[in-house]
Every structure is written in structure tokens, then in C-alpha cells.
Amino acid sequence: MDAKTNIIIQLRDIWLQLKREKEELVIKLESENLSDDEKEDFKIAVEGADKVYEAHIKNIAMNVKNNFYSWKDVEKVDSELAIEIEKVLQSDS
């Protein structure tokens, strides 16, 4: 496996973890037995998780934009991640 692929795999693994954590927080936020304070805490946590997730996606997209590796390289590792990267690249255009 070449260095680019290895880096993309590591970034993909972080992306998957961030995505999973964000989804788990949303599920907890939607729980019906939370107090108002707990709901507010989870709402803040979800907002923070969204920001971290988006920053990670933008970082990967900037690597593509700066030709560190290509969008096709990302697509070979994970097509769903490539779609997320493509959205960011298109919104920057």
C-alpha cells in the first residue's frame, strides 16, 4: 500500500469515528426522558461534533485541492467519503 492510500485510510478511520460519535449524540438528544438541561447539553455537544466533523472533511478536501492526493485516490478508499469531499470542493468553487 502506498503512502497516500495509507494516509487516506487513516483519515477515513477518523472520519468514520467522528461520524459515529455525531450520530450517537443525535440519538441521545432525541431521547424523550432527558431534562431540559440534559437536552441543552446534548444540543451543544451535537453542534460541537458537527463543527469537528466539518473541519475534518474540509481538511481532507483541502488536501485534494492542494494535490496532496486526488479525489480518485479518496474514492478508491471510500466512495461515501469521496462524496462528502466532492460536496465541499463544489461549495468552495
Side-chain angles (χ1 to χ4, degrees):
M1 175 179 337
D2 67 350
K4 288 181 184 181
T5 302
N6 192 31
I7 291 168
I8 295 167
I9 288 171
Q10 290 175 22
L11 292 170
R12 188 248 353 243
D13 291 347
I14 295 167
W15 168 71
L16 288 171
Q17 179 182 352
L18 293 171
K19 183 178 172 184
R20 184 173 42 253
E21 289 172 0
K22 186 172 77 158
E23 290 168 351
E24 289 171 359
L25 286 170
V26 168
I27 290 168
K28 289 177 182 178
L29 176 62
E30 293 171 350
S31 176
E32 294 180 13
N33 57 353
L34 294 177
S35 69
D36 288 342
D37 287 340
E38 290 171 323
K39 285 181 184 179
E40 186 61 28
D41 289 344
F42 278 116
K43 181 180 175 189
I44 291 168
V46 168
E47 290 170 359
D50 278 337
K51 288 178 183 178
V52 172
Y53 177 87
E54 291 300 321
H56 186 67
I57 293 292
K58 286 180 181 180
N59 177 54
I60 300 169
M62 288 307 298
N63 289 342
V64 169
K65 192 172 185 177
N66 293 327
N67 297 317
F68 186 66
Y69 43 77
S70 72
W71 181 85
K72 284 284 188 193
D73 293 331
V74 176
E75 185 181 41
K76 288 178 190 173
V77 171
D78 192 299
S79 60
E80 186 180 348
L81 177 57
I83 291 168
E84 291 295 313
I85 300 307
E86 186 174 30
K87 291 176 190 175
V88 172
L89 293 172
Q90 288 177 350
S91 70
D92 286 349
S93 299

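Numbers here simply count residues along the sequence, with the first being 1.
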Kindly give the heavy-atom pair with the smallest separation between Ala49 and Leu25, and that separation in Å. CB-CD1, 3.8 Å

Note: Lys43 and Leu29 closest approach over all heavy atoms is N-CD1, 3.7 Å

Should the heavy atoms of other residues, nucleotides or ligands under 6.0 Å from CG of Asp36 be counted, would the total exceed 12? no

NZ/NE/NH1/NH2 to OD/OE distance under 4.0 Å, Arg20 and Glu23: no

The reported gap from CG in Leu81 to CD1 in Ile57 (rounded to nearest 0.5 angstrom) is 5.5 Å

Indicate yes or no for a side-chain donor-acceptor contact from Asp50 to the backbone of Glu47 under 3.5 Å, with no hydrogens or angles considered. no

Would you give the length of the straight line joining atom NZ of Lys51 to atom NZ of Lys58, rounded to the nearest 0.5 angstrom? 11.0 Å

Flag the pair Val52 / Glu21 as yes when at least one side-chain heavy-atom distance between them is below 4.5 Å, and no otherwise. no

Once rounded to the nearest 0.5 Å, what's the spacing between atom CD of Glu84 and atom CD of Glu54? 7.5 Å

Within one Ile-Leu-Val-Met-Phe-Trp-Tyr cluster: Ile27 and Ile44, side-chain cutoff 4.5 Å: no

A cation-pi test, strictly: NZ or CZ of Lys4 under 6.0 Å from the centre of the six-membered ring of Tyr69 and no more than 45 degrees from its axis. Yes or no? no

So which heavy atom on Lys28 is nearest to which on Leu34, and how close? O-CD1, 3.0 Å

Transitive ILVMFWY side-chain link Val88 to Leu16, under 4.5 Å: yes

Assigning hydrophobic clusters by single linkage (Ile, Leu, Val, Met, Phe, Trp, Tyr; side-chain heavy-atom cutoff under 4.5 Å), is Ile85 placed with Met62? no

Closest heavy-atom contact between His56 and Ile14? CE1-CG2, 3.6 Å

Would a single hydrophobic cluster contain both Leu89 and Ile7, if residues Ile, Leu, Val, Met, Phe, Trp and Tyr are joined by side-chain heavy-atom contacts under 4.5 Å? yes

Check Glu75 with Lys72, please: is the shortest side-chain N to carboxylate O separation under 4.0 Å? yes

Do Leu11 and Leu18 sit in the same hydrophobic cluster, where Ile, Leu, Val, Met, Phe, Trp and Tyr count as joined when their side-chain heavy atoms come under 4.5 Å apart? yes

Candidate pair Lys76 and Ile8, rule side chain to side chain contact (heavy atoms under 4.5 Å, CB included), full reasoning: CA-CA 10 Å; Lys76 288 178 190 173; Ile8 295 167; over 6 Å; no

Heavy atoms only: give me the nearest Asn33-Glu38 pair and the separation to one decimal. O-OE1, 4.2 Å

